[in-house]
Peer 1: 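Below you will find the structure I want to go over with you.
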Amino acid sequence: MFVAIVCFCAGVSQTIIGEIFKQTISNQTKGVMKFWKPFLLVLWIAGIIVLLIFYIIPQEEALNNETIQKLEKENELLTVKNVSLDEEIKKLKKQTDSLTGKIVLSHKTIQNLQNALDEKINTIDRMSALDLYEYFSGFTADSTRLKQ
């Protein structure tokens, strides 16, 4: 619409200027040309300024205001979402701490079992054949009467 108005103003001013030139050709209106040419130029510039002030600038401001309002609404939504995400992060950190504690306890239990197994293996490794026989069979080779 702005382009149409500008083109219309330009067409009207060219038509008027053309008419003035025609009149200037005749010797009767030489003084009129000196007056009308600057007047039409000022009139055309004033029309553009009025168009800018009352039509284009308010529309741009309205668009800017709408954009600002949309961004403010989106900002509020993101703030609410941010708060909920912060709460979820706190909850997940608590779960992580709990699971970390369980992992540490499990690791200690595994280490204790590994140490106990190593001790049993070392004990069995140091046994002689007779001690191994007694250990696994449950029989003893010595008589208890002779030991007394």
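Quick caveat: nothing in here was measured; it's all calculated off a predicted structure.
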Peer 1: Excluding sequence neighbours, so at least two apart, what forms side chain to side chain donor-acceptor pair (under 3.5 Å) with Ser128?
Peer 2: Asp131
Peer 1: Got a donor-acceptor contact below 3.5 angstrom from the Asn122 side chain to the Asp118 backbone?
Peer 2: yes
Peer 1: Could you tell me the separation between the CG atom of Leu77 and the CD atom of Glu72, rounded to the nearest 0.5 Å?
Peer 2: 12.0 Å
Peer 1: Leu99: which other cluster members, linking ILVMFWY side chains closer than 4.5 Å, directly or transitively?
Peer 2: none
Peer 1: Measure the CG-CG distance between Asn112 and Leu117 for me, rounded to the nearest 0.5 Å.
Peer 2: 12.5 Å
Peer 1: How long is the span from the NZ atom in Lys102 to the CG atom in Leu105, to the nearest 0.5 Å?
Peer 2: 9.5 Å
Peer 1: Considering only heavy atoms from C-beta outward, does the side chain of Asp97 approach that of Lys94 to under 4.5 Å?
Peer 2: no
Peer 1: How many angstroms lie between atom CD of Glu74 and atom CD of Gln69, to the nearest 0.5 angstrom?
Peer 2: 14.0 Å
Peer 1: Could you tell me the separation between the NE2 atom of His107 and the CD1 atom of Ile110, rounded to the nearest 0.5 Å?
Peer 2: 7.5 Å
Peer 1: Using 0.5 Å steps for rounding, measure from the CD1 atom of Ile89 to the OG1 atom of Thr96.
Peer 2: 11.0 Å
